Protein chains: 2
Amino acid sequence: MSADDPITAWLRPPPASVGPKPEYSRERIAAEAIALADAQGLDAVSIRRVARGVGSGPASLYRYIGSRGELLELMMDAVAGEYDLGPLGDSPAAQLVALALQGRSIMRRHRWLPPLLLTRPSMGPNSLAYLERALQALDGTDMAGADKLQTVAMLTAITSAFVQNETASDTLMGQDGVPPERVRYLSEVMGSGRYPFLTAAFTAAPNQAGPEELLGALIRNHLSGAGLRE
Amino acid sequence: MSADDPITAWLRPPPASVGPKPEYSRERIAAEAIALADAQGLDAVSIRRVARGVGSGPASLYRYIGSRGELLELMMDAVAGEYDLGPLGDSPAAQLVALALQGRSIMRRHRWLPPLLLTRPSMGPNSLAYLERALQALDGTDMAGADKLQTVAMLTAITSAFVQNETASDTLMGQDGVPPERVRYLSEVMGSGRYPFLTAAFTAAPNQAGPEELLGALIRNHLSGAGLRE
DNA sequence: TGGTAATTGCGAACAATGTTCGCAATGAAA
DNA sequence: TTTCATTGCGAACATTGTTCGCAATTACCA
């Protein structure tokens with residue numbers, strides 16, 4: 001019953017044959033929600049605002065979705081369709097790295113995506129296609145089935161967390177030159193002398209490598225530990 | 001200004017010297033919020049319910065916290081205090097694995113924690129102590145400062161994601177014997193024949209190793225890729 | 001052709017949320 | 001004793017997700 005469970009969005013009955021033709025569509029609604037989230041963040045995705053965007057009344061949306069959570073599922077799956085799942089490279093590791101890099105740019109296009117991916121499963125058709133493709137990359141390796149699933153899950157988790165850190169430090173310094181309270185707090189913490197290792201780590205030279213190389217190295221590290229090299 | 005930013009909770013002015021003595025405390029409020037979340041999930045942590053729990057009016061809480069987001073920060077930092085940061089082992093890797101295993105049991109005690117950790121930074125005193133301890137474990141290695149931070153961040157991200165998967169599959173089959181819609185959907189997907197690799201991975205024998213061994217292996221994998229062995 | 005029944009769009013309403021405002025009561029400092 | 005920052009909080013506001021009931025629509029069937 002609980003309509004906020006993941007998955008319920010993909011179990012809707014086939015389009016009815018009697019009654020008035022639907023004026024809107026799940027695709028249209030999801031697109032509007034995505035546009036809203038891209039521009040103003042996830043919190044801007046309220047039923048009423050989405051409805052205004054598609055030109056309907058708020059209650060009408062519930063003919064297409066069962067709950068707000070279901071709408072978020074639709075959004076996730078829609079952007080999962082932005083993957084290019086064609087040939088990706090030779091070794092399994094190279095293929096998975098390529099997928100992760102694609103994931104990074106999708107997540108940077110849609111900054112609301114990492115928190116969602118880290119928080120709820122995505123099981124729509126596009127997400128399943130991505131998952132299938134990633135598992136295909138692991139075909140032929142001697143990894144056990146359960147480990148493959150684990151590995152792919154960690155792949156997206158690592159990528160999401162990485163992008164989240166990345167965009168967080170992009171925003172660390174406010175867009176105006178004024179340092180926000182976060183910076184004030186951090187320097188107070190580091191000045192206290194109570195956290196020498198933290199202070200040292202923060203004071204050290206920032207990483208030279210670009211973000212793509214960094215993420216690639218992270219993924220390769222993870223995979224090499226699991227027995228995969230390129 | 002935005003009072004929902006992380007960190008603002010730790011920049012409050014020192015206790016005033018004039019005026020009536022506070023009847024409540026941030027600790028008391030956080031404890032009540034944690035009890036609520038442990039019992040009924042994060043959504044149960046509403047200002048009004050917490051206030052009822054501590055025996056105050058809803059508006060009174062705003063003398064202690066700036067926003068609901070700040071309350072969540074207090075909760076996160078309070079449970080970060082459950083770490084035992086004493087001697088943990090010899091090699092850096094062994095120490096970090098020990099920390100991750102502690103993290104796992106904390107997260108299992110507080111199922112609302114992983115989504116929060118994956119979503120917002122935690123920078124209170126207890127969280128900083130944990131971070132400092134993890135960085136200390138990496139002292140002496142030839143890892144660059146920025147990489148150390150990255151590594152520790154990934155450590156908690158991996159642990160959180162792992163626990164989230166773990167408790168999700170615990171709950172996969174509903175507590176009653178009736179398979180929920182999720183299961184129906186999954187078998188429909190696998191029966192469709194459109195996802196052979198996915199089906200194979202799911203059909204394969206589940207992992208033999210216990211969750212602690214599994215998480216330990218994940219962490220060791222990650223670290224060994226970064227140049228650390230035990 | 002006319003009627004039946006399912007389905008759509010949606011105005012109105014409900015319960016719950018986070019948060020702000022203003023005021024009476026408190027109590028340390030002057 | 002006066003001052004005044006600070007506390008607790010009732011009341012209110014805006015906004016949220018969601019449900020209900022009804023009129024309009026349209027395919028199917030007698």
Side-chain angles (χ1 to χ4, degrees), chain A residues 1-6 8-9 12-30 32-33 36-37 40-75 112 116 120, chain B residues 1-6 8-9 12-30 32-33 36-37 40-75 112 116 120:
Chain A
M1 274 295 180
S2 65
D4 205 6
D5 271 359
T8 46
R12 311 217 106 212
S17 64
V18 318
K21 296 204 166 153
E23 287 186 27
Y24 317 106
S25 72
R26 269 181 280 195
E27 290 73 19
R28 172 90 191 77
I29 292 169
E32 184 63 35
L36 260 169
Q40 319 188 49
L42 248 199
D43 289 346
V45 180
S46 77
I47 298 292
R48 276 172 246 263
R49 276 203 271 260
V50 172
R52 213 183 310 272
V54 304
S56 78
S60 306
L61 291 197
Y62 285 91
R63 297 285 175 196
Y64 300 85
I65 60 174
S67 68
R68 180 173 186 271
E70 234 181 81
L71 175 57
L72 299 183
E73 287 186 59
L74 291 183
M75 295 170 64
W112 44 269
L116 285 188
R120 38 183 89 204
Chain B
M1 273 296 180
S2 64
D4 203 7
D5 271 0
T8 45
R12 310 217 109 213
S17 63
V18 318
K21 295 202 167 158
E23 287 185 27
Y24 318 106
S25 72
R26 269 181 280 195
E27 290 74 18
R28 172 89 190 78
I29 293 169
E32 184 63 34
L36 259 168
Q40 318 187 48
L42 249 199
D43 289 345
V45 180
S46 77
I47 298 292
R48 276 170 246 261
R49 275 202 272 259
V50 172
R52 213 182 309 270
V54 304
S56 78
S60 306
L61 292 197
Y62 286 91
R63 297 285 175 199
Y64 299 86
I65 60 173
S67 68
R68 179 172 184 269
E70 235 182 79
L71 175 57
L72 299 183
E73 287 185 58
L74 292 182
M75 296 170 64
W112 45 269
L116 285 188
R120 35 182 92 205

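Bear in mind that the values here come from a model prediction, so they are computed numbers and not experimental data. First the proteins, then the strands, lettered A, B, ... as listed; each starts at 1.
- dG11(C) atom C1' lies 14 Å from atom CG of Leu61(A), rounded to whole Å.
- Within the 3.5 Å criterion, the main-chain N or O of Leu72(B) finds no donor-acceptor partner in the side chain of Arg120(B).
- Looking at Tyr24(B) and Leu61(B), their side chains never come closer than 4.5 Å, going by heavy atoms from C-beta outward.
- In terms of heavy-atom proximity, Leu71(B) sits nearest to Ala30(B) at CD1-CA, 4.3 Å.
- Taking 3.5 Å as the limit, the base of dG9(C) and the side chain of Arg63(A) contain a donor-acceptor pair of atoms between them.
- Side chain of Ile47(A), nearest nucleotide from dC9(D), dT18(D), dG8(D): dT18(D).
- Between the CZ atom of Arg68(A) and the C1' atom of dT18(D) there is a distance of 13 Å, given to the nearest Å.
- Listed nucleotides dA25(C), dA27(D), dG9(C) differ in distance to Lys21(A); the shortest reach to its side chain belongs to dA27(D).
- Nucleic acid contact for Val54(A): none, since no nucleic acid atom lies under 4.0 Å from a heavy atom of the residue.
- Put simply, CZ on Arg12(B) is 18 Å from P on dA5(D), counting in whole angstrom units.
- Within the 4.5 Å cutoff, the side chain of Glu73(A) has heavy atoms near those of the Thr8(A) side chain.
- Between Tyr62(B) and dG22(C) there is no side-chain N or O to OP1 or OP2 distance below 4.0 Å.
- Atom CD1 in Ile29(A) sits about 14 Å away from atom P in dG17(D), given to the nearest Å.
- With the nearest nucleotide of DNA chain C identified for both Glu23(A) and Ser46(B), Glu23(A) has the one nearer the 5' end.
- Where Pro58(B) and Gly19(B) meet DNA chain D, the nucleotide closest to each residue was compared, and Gly19(B) sits on the side nearer the 5' end.
- Considering only heavy atoms from C-beta on, Met75(B) comes within 4.5 Å of Leu42(B) through its side chain.
- Among the protein residues, Gly57(B) comes within range of the sugar-phosphate backbone only, with heavy atoms under 4.0 Å from sugar or phosphate atoms but none that close to a base.
- To the nearest angstrom, P of dG18(C) lies 12 Å from CG of Leu42(B).
- Of the candidate nucleotides dA25(C), dT17(C), dC28(D), dC28(D) has the atom lying nearest to any side-chain atom of Ser17(A).
- For Arg49(A), a side-chain nitrogen or oxygen approaches OP1 or OP2 of dT16(D) to under 4.0 Å.
- More than 12 heavy atoms of other shown residues, nucleotides or ligands fall within 6.0 angstrom of atom CZ in Arg12(B).
- The side chain of Ser67(B) has dT19(C) as its nearest neighbour among dT19(C), dT16(D), dT17(C).
- When the nucleotides dG8(D), dA5(D), dG9(C) are ranked by their closest atom to the side chain of Tyr24(A), dG9(C) comes out on top.
- Residue Ser60(A) places at least one side-chain N or O under 4.0 Å from the OP1 or OP2 atom of dC10(C).
- Residues Ala44(A) and Arg49(A) share a closest heavy-atom pair of O-NE, 2.9 Å.
- The interatomic distance linking Tyr64(B) (OH) with dT7(D) (C1') rounds to 7 Å, in whole Å.
- Whole-Å rounding puts the Arg48(A) CZ to dG17(D) C1' distance at 7 Å.
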> Going through the checks in order, is the side chain to side chain contact (heavy atoms under 4.5 Å, CB included) test met by Arg28(B) and Tyr64(B)?
Replying inline: CA-CA 10 Å; Arg28(B) 172 89 190 78; Tyr64(B) 299 86; over 6 Å; no
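- End-to-end axis angle of the helix from dT1(C)-dA30(D) to dA30(C)-dT1(D), from C1' rotation axes over five pairs per end: 10° (rounded to 10 degrees).
- When heavy atoms are screened at a 4.0 angstrom cut-off, Ala59(B) is found touching base atoms of the nucleic acid.
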